Each structure stands twice: as C-alpha cells, then as structure tokens.
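Model, not experiment: these values are computed from the prediction.
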Amino acid sequence: MSPMYFSLNSAFMLGLMGLALNRYHLLSALLCLESMLLTLFITIAIWTLTLNSISSSIIPMILLTFSACEASAGLAILVATSRSHGSDNLQNLNLLQC
C-alpha cells in the first residue's frame, strides 16, 4: 500500500472513529462527517485521474455537491437546536419530544 493511500485510509478511519466515539456535541459530529466526505472526495478525484476517463470525471463534483448540501443542512439543524435548547449537546436532545 502506498503512503498516499495509507494516509487517505487513516484519515477516513479517524473521521469514522471520531463520529462513533465522540457523541457529546453536534458540531463535533458534523466536523467528523465533513472530514469523511472530504477524504472520499480526494480519493475519488485521485481515482478518476488515474483512470484517465472523461465519463467518470463528474463523480467527484457530484460528491462535492452532496457534501455542501450535507454541511448546510447540518448547520441549519445546529442553529435550530442551539436556539431551541440553548446548546448543541446531543444528550439534551430527545427526538420523541418534537
């Protein structure tokens, strides 16, 4: 395994471990999701460059678009949560009280 693939794999795994283990603040969960998506974007962009295929060159842009939509939706949820509950602690949220 080359050092580039190892570093991208470890960056994705660190984001996944941070998402699985750190469940205290909503902002930290969103940052872990964003790091995972950016690692996927870099990996797919490198993959399409090595293929030299024009037909698969749009895939990283589609992933980047979904990543931007996920970030904006996550920030909207963060703002709504902090306005209604006063903080972004995930332990204070109860989805059954909507």
Side-chain angles (χ1 to χ4, degrees):
M1 182 183 283
S2 71
M4 180 181 60
Y5 292 126
F6 177 72
S7 64
L8 288 173
N9 191 15
S10 62
F12 184 80
M13 292 305 288
L14 280 174
L16 186 63
M17 291 291 288
L19 185 63
L21 298 177
N22 192 5
R23 294 182 177 215
Y24 190 67
H25 291 286
L26 181 60
L27 184 60
S28 64
L30 291 175
L31 285 174
C32 290
L33 278 175
E34 194 65 30
S35 70
M36 289 170 55
L37 282 173
L38 286 176
T39 305
L40 279 177
F41 169 72
I42 292 170
T43 305
I44 291 176
I46 291 171
W47 177 65
T48 57
L49 286 175
T50 58
L51 285 180
N52 293 329
S53 174
I54 297 174
S55 64
S56 64
S57 64
I58 194 70
I59 295 172
M61 296 307 291
I62 292 172
L63 183 69
L64 195 63
T65 305
F66 284 135
S67 175
C69 292
E70 177 264 333
S72 65
L75 287 176
I77 290 171
L78 179 70
V79 168
T81 302
S82 64
R83 282 185 182 173
S84 64
H85 295 322
S87 68
D88 67 337
N89 291 339
L90 290 175
Q91 295 171 350
N92 295 340
L93 298 178
N94 189 359
L95 294 177
L96 299 176
Q97 293 179 350
C98 293

Please tabulate, for the side chains in residues 72-82, all donor-acceptor contacts under 3.5 angstrom to protein atoms that are two or more places apart in sequence or on a different chain.
unit_1, atom_1, unit_2, atom_2, d
S72, OG, A68, O, 3.4
S72, OG, C69, O, 2.9
T81, OG1, I77, O, 2.7
S82, OG, L78, O, 3.1
S82, OG, V79, O, 3.0

Would you mind writing out the side-chain donor-acceptor pairs for residues 1-8 within the sub-3.5 Å range, not counting sequence neighbours?
unit_1, atom_1, unit_2, atom_2, d
S2, OG, Y5, N, 3.4
S7, OG, P3, O, 3.2
S7, OG, M4, O, 2.8

Sequence neighbours left out, cut at 3.5 Å: what donor-acceptor pairs do the side chains of residues 24-31 make with other protein atoms?
unit_1, atom_1, unit_2, atom_2, d
H25, ND1, D88, OD1, 2.9
H25, ND1, N89, OD1, 3.2
S28, OG, H25, O, 2.9

Indicate every side-chain donor-acceptor pair of residues 36-44 with a distance under 3.5 Å to a residue at least two apart or in another chain.
unit_1, atom_1, unit_2, atom_2, d
T39, OG1, S35, O, 2.8
T43, OG1, T39, O, 2.8

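With sequence neighbours left out, the side-chain hydrogen bond (donor to acceptor under 3.5 Å, both in side chains) criterion links N22 to no other residue. With sequence neighbours left out, T50 forms a side-chain hydrogen bond (donor to acceptor under 3.5 Å, both in side chains) with no residue at all. Under the side-chain contact (heavy atoms from CB on, under 4.5 Å) criterion, I62 pairs with I58, F66, not counting sequence neighbours. Residues meeting the side-chain hydrogen bond (donor to acceptor under 3.5 Å, both in side chains) test with S53, sequence neighbours left out: S55. Here E34 pairs with S67 under the side-chain hydrogen bond (donor to acceptor under 3.5 Å, both in side chains) rule; sequence neighbours left out.
Connection of M13 to L19 is established within a shared hydrophobic cluster, with ILVMFWY side chains joined at heavy-atom distances below 4.5 Å, either directly or through further cluster members.
Apart from M17 itself, the hydrophobic cluster it occupies contains L21, where clustering links Ile, Leu, Val, Met, Phe, Trp and Tyr at side-chain heavy-atom distances under 4.5 Å.
Nearest heavy-atom pair across A45 and P60 is CA-CG, 3.8 Å. G18 and C32 get closest at one heavy-atom pair: C-SG, 3.6 Å.
Rounded to the nearest 0.5 angstrom, L51 CG and I46 CD1 are separated by 12.0 Å.
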